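Quick notes on the structure that follows.
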Amino acid sequence: MLDIKLIREKPDFVRQRLATRGAGDESLIDGILQADEQRRKALAEVETLKATRNRVSKEIGALMGQKKIAEAEAKKAETKDLGDKIAALDQQAKAAETKRDELMLRLPNLPHESVALGKSAEDNPEIRVFGSKPEFAFKPKSHVDLCESLKLIDFARAAKLSGSGFLLYTNWGARLERALIQFLLELHTRENGYTEVSPPFMVNPECLMGVGQFPKFKDQYYGVAEGDKADELGKLYLIPTAETPIANIHRDELLSEKQLPIYYCGYTPCFRGEAGAAGVGTRGMIRVHQFDKVELIKIVKPEDGYAEHEKMLANAERVLQLLGLHYRVVMLCTGDMGFASAKTYDIEVWAPGQGSYLEVSSVSNCEDFQARRMNLRFKSESGENRFPHILNGSGTALARLFVALVETHQQADGSVKIPEPLQKFLGTDVIRA
RNA sequence: GGAAGGGUGGCUGAGUGGUUAAAGGCAUCUGACUCGAAAUCAGAAGUAGGGGCAACUCUACCGUGGGUUCGAAUCCCACCCCUUCCGCCA
């Protein structure tokens, strides 16, 4: 959520920054300003009436104390009708506030000034490249073929169990998935200083609201119900990313400055409806309804936000470097950024069998946008309450990492070599048919 | 699912209709003492939203939402959450 004071004081600046996203959100500003104006007007009026009522009520109390019953009764008659006026105005103020906040919750974050202007993914500038596309003396296979020949994934039976867009990892496939999770968590906790957490996989709607996934993208997530009780639907949702529970850990808290920075990492499965998205329904692991991910979350002082952002990006890149994978880092342009983000880098890993780059990590600084939504603050040394920056980054998404790994390290004989840092977690240096 | 108890400020914990923003304690800040610190003593200090150039001032907030009343942390109703016990259960 943006700061209403910023919208009030610099509406043109806010409109201009929103316009760079190209989604037309700046058109909401007028309605927000109008509702805000109505709210303040009603508030000024009703608060004057309340002040009167409070004063008279105190006088009545004093008179009662002195047993001057008649005088007290006279005062009561005086304020009798104030209540109705107050109730009516209260309702007006509340209605205006509700309208203002509904609109505010639909506004995305303002892009940071360092973000490249652009309309779509084609305008995303490439920041750097690590390694180079591997050369093969044979035609590299797709992960789909490798997974079938090595029996890593049973696509057909996964569909039998849950429909398209789900994966059944088998034998070395399941063990590789588990080894990757272990490898990632060990890397981030031991080398990069993150504290591991293992959060619930279902959360209440407030959490989704807090990170900005609700209300705008409500149709993209899985709601659950207990048993067959239809009215339970909507009390809990399957998490689309570990960001949702982890970033909300300190929701509605007032932290002390000494507690910052906070670094969390955690493994969870991620559930995505992917309604209308291309790729679901075809075989493969690129776009699925459920995938594993190790997520990084930071809660930091605003002045440290962007330095921490770069460090988090480096933490995610380290994963691919250790696994010997070629990748590139791109900065998402203003038109391609996520709703809550002020600045995002994507890491795209090369998948030789696909002949394309796959997004395996998205590292964002949401600044204080999420902190405002979830009312997470910290008390600074000087005593003022401030909103921290909240950052999130995939460290990394697993299904696509799995794809890049088997496609990159496949051998002419159809086997897959396991990079050295992963061997101790998997217990082998090669997977053969 | 059943029963009982409970939700008060950064934390803890009093408070059953009228100067209660709310005692006490902890933590925090300022001053005194000290070479400095600790301890001790004195004092300050909630959060949010309005109005005002400002000094300042008003309003709201005791789990949430309603209700009763001139006036509600306090009384009534509904709901949510937590704890313990029972039932079921990995």
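Note on naming: letters A, B, ... go to the chains in the order of the sequence lines (proteins, then strands), and numbering restarts at 1 for each one. Quick caveat: nothing in here was measured; it's all calculated off a predicted structure.
For the ring pair (Phe, Tyr, Trp, His ring centres under 6.0 Å) condition, the pairs that include at least one residue of residues 359-385 of chain A, sequence neighbours left out, are A:F339-A:F369. Judged as a ring pair (Phe, Tyr, Trp, His ring centres under 6.0 Å), not a single pair has a partner in residues 40-83 of chain A (not counting sequence neighbours).
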May I have the list of side-chain donor-acceptor pairs in residues 179-186 of chain A shorter than 3.5 Å, sequence neighbours left out?
residue: A:E186; atom: OE1; partner: A:R190; partner atom: NE; Å: 2.3
residue: A:E186; atom: OE1; partner: A:R190; partner atom: NH2; Å: 3.2

Atom pairs and distances, side-chain donor-acceptor, residues 418-433 of chain A, under 3.5 Å, sequence neighbours left out:
residue: A:Q423; atom: NE2; partner: A:I418; partner atom: O; Å: 2.9
residue: A:T428; atom: OG1; partner: A:V430; partner atom: N; Å: 3.3
residue: A:T428; atom: OG1; partner: A:V430; partner atom: O; Å: 2.9

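Taking the six-membered ring wherever Trp is involved, the centroid distance between the rings of A:Y345 and A:H309 falls below 6.0 Å.
Residues meeting the salt bridge (Lys or Arg N to Asp or Glu O under 4.0 Å) test with A:D12, sequence neighbours left out: A:R15. Taking A:E73 as the reference, A:K76 meet the salt bridge (Lys or Arg N to Asp or Glu O under 4.0 Å) condition, with sequence neighbours excluded. For the salt bridge (Lys or Arg N to Asp or Glu O under 4.0 Å) test, no residue two or more places apart in sequence or in another chain qualifies with A:R251. Looking at residues two or more places apart in sequence or on another chain, you find no side chain to side chain donor-acceptor pair (under 3.5 Å) involving A:Y237. Residues passing the salt bridge (Lys or Arg N to Asp or Glu O under 4.0 Å) test with A:D101: none are found, sequence neighbours excluded.
Near-neighbour residues of RNA chain B inside residues 86-98 of chain A, defined by a heavy atom below 4.0 Å, are absent.
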>> Within the 4.0 Å limit for protein heavy atoms, which parts of nucleotides 52-77 of chain B are touched? Write it as a string from 5' to 3', B for base, S for sugar-phosphate only, - for none.
In response: ------BBS---------BS------

> Which dot-bracket notation, 5' to 3', represents the base pairing of RNA chain B when pairs are defined as Watson-Crick or G-U with both distances under 3.5 Å, crossing pairs as [ ], and inter-strand pairs as |?
Replying inline: ((((((((.[[[..)..(.....]]].(((((.......))))).((((((....)))))).[[[[[..)....]]]]])))))))....

